[in-house]
Amino acid sequence: MAEDTSSHKMVTTNHRRSRTKFTEDQLKILINTFNQKPYPGYATKQKLALEINTEESRIQIWFQNRRARQRFQKRPEPETLDSSQIHGDQPGVEFQSREARRCRTAYSTSQLHTLIKAFAKNPYPGIDSREELAKEIGVPESRVQIWFQNRRSRLFLQRKREPVASLEQEEQNKIPEGPQ
DNA sequence: CATCTAACCTATTCAAGGC
DNA sequence: GCCTTGAATAGGTTAGATG
């Protein structure tokens with residue numbers, strides 16, 4: 001909703017999603033949750049999303065960034081680090097392991113076909129393309145983004161192992177495509 | 001322009017589900 | 001049991017907002 005209908009910049013893809021501006025209240029809740037649980041599971045993130053009226057994927061990104069920032073800041077200790085109680089979980093906090101992650105998405109053959117086809121055209125789709133794709137195959141946009149990330153990573157991996165053969169692979173992956 | 005940080009990336013690891 | 005692959009992680013980069 002509240003679409004600003006295409007200024008004059010052409011809708012053509014490849015822009016990133018517009019930057020989210022969290023309110024003070026939202027940040028308060030996020031930070032508070034982070035201090036208690038820097039690694040929230042899916043259920044917690046969903047609940048947070050509902051509570052502060054934001055997408056779950058934005059919350060996931062926020063926690064990622066927050067952890068990175070905290071790691072970076074927390075580094076005033078160039079001291080020899082041994083002889084401490086390393087890798088012991090605090091006694092008292094019985095390991096309730098980590099919270100459950102999101103359920104694995106099971107893509108159908110036709111969904112995969114659509115994704116692969118899109119990947120061949122553009123392995124780095126912007127927010128508009130991702131959303132369109134998501135709508136087309138009926139999954140959240142965040143799943144589409146993750147799928148592309150995994151796909152790219154594994155393509156790189158494959159290229160490292162098989163420096164030459166991957167080119168043929170690419171040719172094969174091209175699916176004859178009508179104009180849209 | 002400097003700083004901050006959301007968005008995004010690769011590389012790697014965890015783990016669900018199929019064979 | 002192993003393999004494929006979606007989900008999560010660490011760690012780094014890009015870019016939008018703001019002083």
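A search for side chain to side chain contact (heavy atoms under 4.5 Å, CB included) contacts involving S110(A) returns S108(A), not counting sequence neighbours. Take K37(A) and apply the salt bridge (charged side-chain N to carboxylate O under 4.0 Å, His left out) test, not counting sequence neighbours, and it matches E99(A). For R102(A), the salt bridge (charged side-chain N to carboxylate O under 4.0 Å, His left out) partners at least two apart in sequence or on another chain are E56(A). The salt bridge (charged side-chain N to carboxylate O under 4.0 Å, His left out) search around E55(A) returns R17(A), not counting sequence neighbours.
Between the C1' atom of dT4(C) and the CH2 atom of W147(A) lies a distance of 14 Å, rounded to the nearest Å. One atom, CZ of F72(A), and another, C1' of dG11(C), lie 12 Å apart when rounded to the nearest Å. One can place CZ of R143(A) at 17 Å from P of dT5(C), the figure rounded to the nearest angstrom. If you measure from atom CD of Q64(A) to atom C1' of dA7(C), you get 11 Å, rounded to the nearest angstrom. Rounded to whole Å, atom P of dG11(C) lies 17 Å from atom CZ of R66(A). The separation between R102(A) atom CZ and dA8(C) atom C1' is 11 Å, rounded to whole Å.
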The contact string for nucleotides 13-19 of chain C, one letter per nucleotide 5' to 3', using protein heavy atoms under 4.0 Å with B, S and - for base, sugar-phosphate only and none, comes out as -BBB---
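For residues 104-116 of chain A, the set of pairs meeting the salt bridge (Lys or Arg N to Asp or Glu O under 4.0 Å) definition, not counting sequence neighbours, is empty.
Look at R151(A) and you won't find any side-chain N or O under 4.0 angstrom from OP1 or OP2 of dT5(C). Listed pair R71(A) / dA10(C) meets the phosphate criterion, a side-chain N or O lying under 4.0 Å from OP1 or OP2.
The shortest distance between side-chain heavy atoms of Y42(A) and Q46(A) falls below 4.5 Å. Side-chain contact between E141(A) and Q145(A): present, with at least one pair of heavy atoms (C-beta onward) separated by less than 4.5 Å. Two residues are said to be in side-chain contact when any heavy atoms from C-beta on lie closer than 4.5 Å; I52(A) and D25(A) fail this criterion. Contact of the I127(A) side chain with the R16(A) side chain is not registered, since no non-hydrogen atoms from C-beta on lie closer than 4.5 Å.
Where the helix from dC1(B)-dG19(C) to dC19(B)-dG1(C) starts and where it ends, the local axes point in directions that differ by 20°; five pairs per end, rounded to 10°.
Residue T105(A) is in sugar-phosphate contact alone, with no base atom involved, counting any heavy-atom pair closer than 4.0 Å across all strands shown. Across all strands shown, R101(A) has heavy atoms under 4.0 Å from base atoms, whether or not it also approaches the sugar-phosphate. As judged by a 4.0 angstrom heavy-atom cut-off over every strand, R67(A) is placed among residues touching the sugar-phosphate backbone only.
Think of the region where chain A sits on DNA chain B: with heavy atoms and a 4.0 Å cut, that region ends 5' and 3' at dT5(B) to dA16(B).
Listed by residue number, the members of residues 28-57 of chain A with any heavy atom below 4.0 angstrom from DNA chain B form an empty set.
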Using distance only, find each side-chain donor-acceptor pair of residues 57-67 of chain A under 3.5 Å and give its atom names and separation, not counting sequence neighbours.
from: Q60(A); atom 1: OE1; to: K45(A); atom 2: NZ; distance (Å): 2.8
from: N65(A); atom 1: ND2; to: I61(A); atom 2: O; distance (Å): 3.4
from: R67(A); atom 1: NH1; to: P38(A); atom 2: O; distance (Å): 2.8

Do any side-chain atoms of residues 28-36 of chain A form donor-acceptor pairs under 3.5 angstrom with protein atoms, and if so which ones, sequence neighbours left out?
from: T33(A); atom 1: OG1; to: I29(A); atom 2: O; distance (Å): 2.8
from: N35(A); atom 1: ND2; to: I31(A); atom 2: O; distance (Å): 3.4

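A donor-acceptor contact under 3.5 Å links the side chain of R104(A) to the base of dT5(C).
Both R58(A) and Y124(A) lie close to DNA chain B; mapped to their nearest nucleotides by heavy-atom distance, the more 5′-ward contact belongs to R58(A).
Contact record, W147(A) with I116(A): CH2-N, 3.8 Å, taken as the closest heavy-atom pair.
Geometrically, R151(A) engages F119(A) in a cation-pi contact, judged by NZ or CZ lying under 6.0 Å from the ring centre and within 45° of the ring axis.
Y124(A) forms part of a hydrophobic cluster together with F156(A), judged by ILVMFWY side-chain heavy-atom separations under 4.5 Å.
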